[in-house]
Structure formats: structure tokens, C-alpha cells
Amino acid sequence: FSPTANPNDFDNLGCLKSYNEPIQRYNRLLRSTLGNIQHNHSAMRIIYADYYAANIDILTNATQYGNVSVILQYLHLGICVEMYNIVLAY
């Protein structure tokens with residue numbers, strides 16, 4: 001994470017592109033890989049929780065989730081989201 005004043009470094013939510021774009025690529029690859037694994041091992045149950053997408057939804061639809069001022073503080077800090085995924089296979 002590197003502070004910047006260049007507005008082109010931020011996405012439409014005010015998050016640093018250099019921070020979020022690798023996370024988005026990782027999650028796309030992970031979903032694709034899990035889909036292939038599920039296809040090849042249909043008896044296995046895979047549960048995938050994408051916390052990144054949930055956080056983006058909260059930031060995008062902040063007024064639907066309650067205290068907007070607290071949520072918007074994340075935007076001003078430039079933090080936005082972290083990459084947390086849970087994958088369970090059994």
C-alpha cells in the first residue's frame with residue numbers, strides 16, 4: 001500500500017486500483033479453479049465465501065446497511081477491502 005494523490009490511481013469507490021485489481025484477478029481465478037475442481041469431483045462439496053465481493057457490495061450500497069458515515073470512513077482511508085476468502089471442501 002502506497003499513498004498517492006493521483007486521482008487516476010483510484011477506482012469509482014475511491015479504492016486504490018493497484019491494491020484491488022490483483023485481488024479481483026485472484027478471485028476470478030479462484031472461482032474458475034473451484035468450478036473446475038467441482039466439475040471433476042462432483043461428489044465433493046465446495047463452499048466458497050467471497051468476502052471481497054461482500055465488502056464491495058457494502059461500499060457500493062452503503063445506505064442499505066445502516067451507518068453510512070462509518071462505512072464511508074473506509075473510503076477516505078483508502079483501505080476499502082482486504083482479500084479474505086474461505087474455501088471448504090468435504
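Below, all heavy atoms of this structure are taken into account, side chains as well, without hydrogens, waters or symmetry copies.
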key: Inter-residue atom distance Glu21.CD - Ile23.CD1, 0.5 Å rounding   = 10.5 Å
inquiry  = Strictly distance-based, threshold 3.5 Å: is any side-chain N or O of Ser32 a donor or acceptor partner for the main-chain N or O of Arg28?
reply    = no
query = What closest approach, in Å, do Ile37 and Met44 show between heavy atoms, and which atom pair accounts for it?
reply = CG2-SD, 4.3 Å
inquiry  = In the structure I gave you, are the side-chain heavy atoms of Lys17 and Asp11 within less than 4.5 Å of one another anywhere?
reply    = yes
request  = Can you run down the salt bridge (Lys or Arg N to Asp or Glu O under 4.0 Å) pairs that involve residues 30-41, sequence neighbours left out, and say none if there aren't any?
outcome  = Arg31-Asp50
Validation row: Phe10, Asn20 side chains within 4.5 angstrom (heavy atoms) = no
key: Exam field: side chain Asn61 to backbone Asp57, donor-acceptor pair closer than 3.5 Å   = yes
query = Do side-chain atoms of Gln38 reach the backbone of Arg45 as a donor and acceptor pair under 3.5 angstrom?
reply = no
request  = Could you grab the distance from atom CG of Leu29 to atom CD of Gln24, nearest 0.5 Å is fine?
outcome  = 14.0 Å
query = Just how far is it from atom CG of Asn6 to atom CG of Leu16, taken to the nearest 0.5 Å?
reply = 10.5 Å
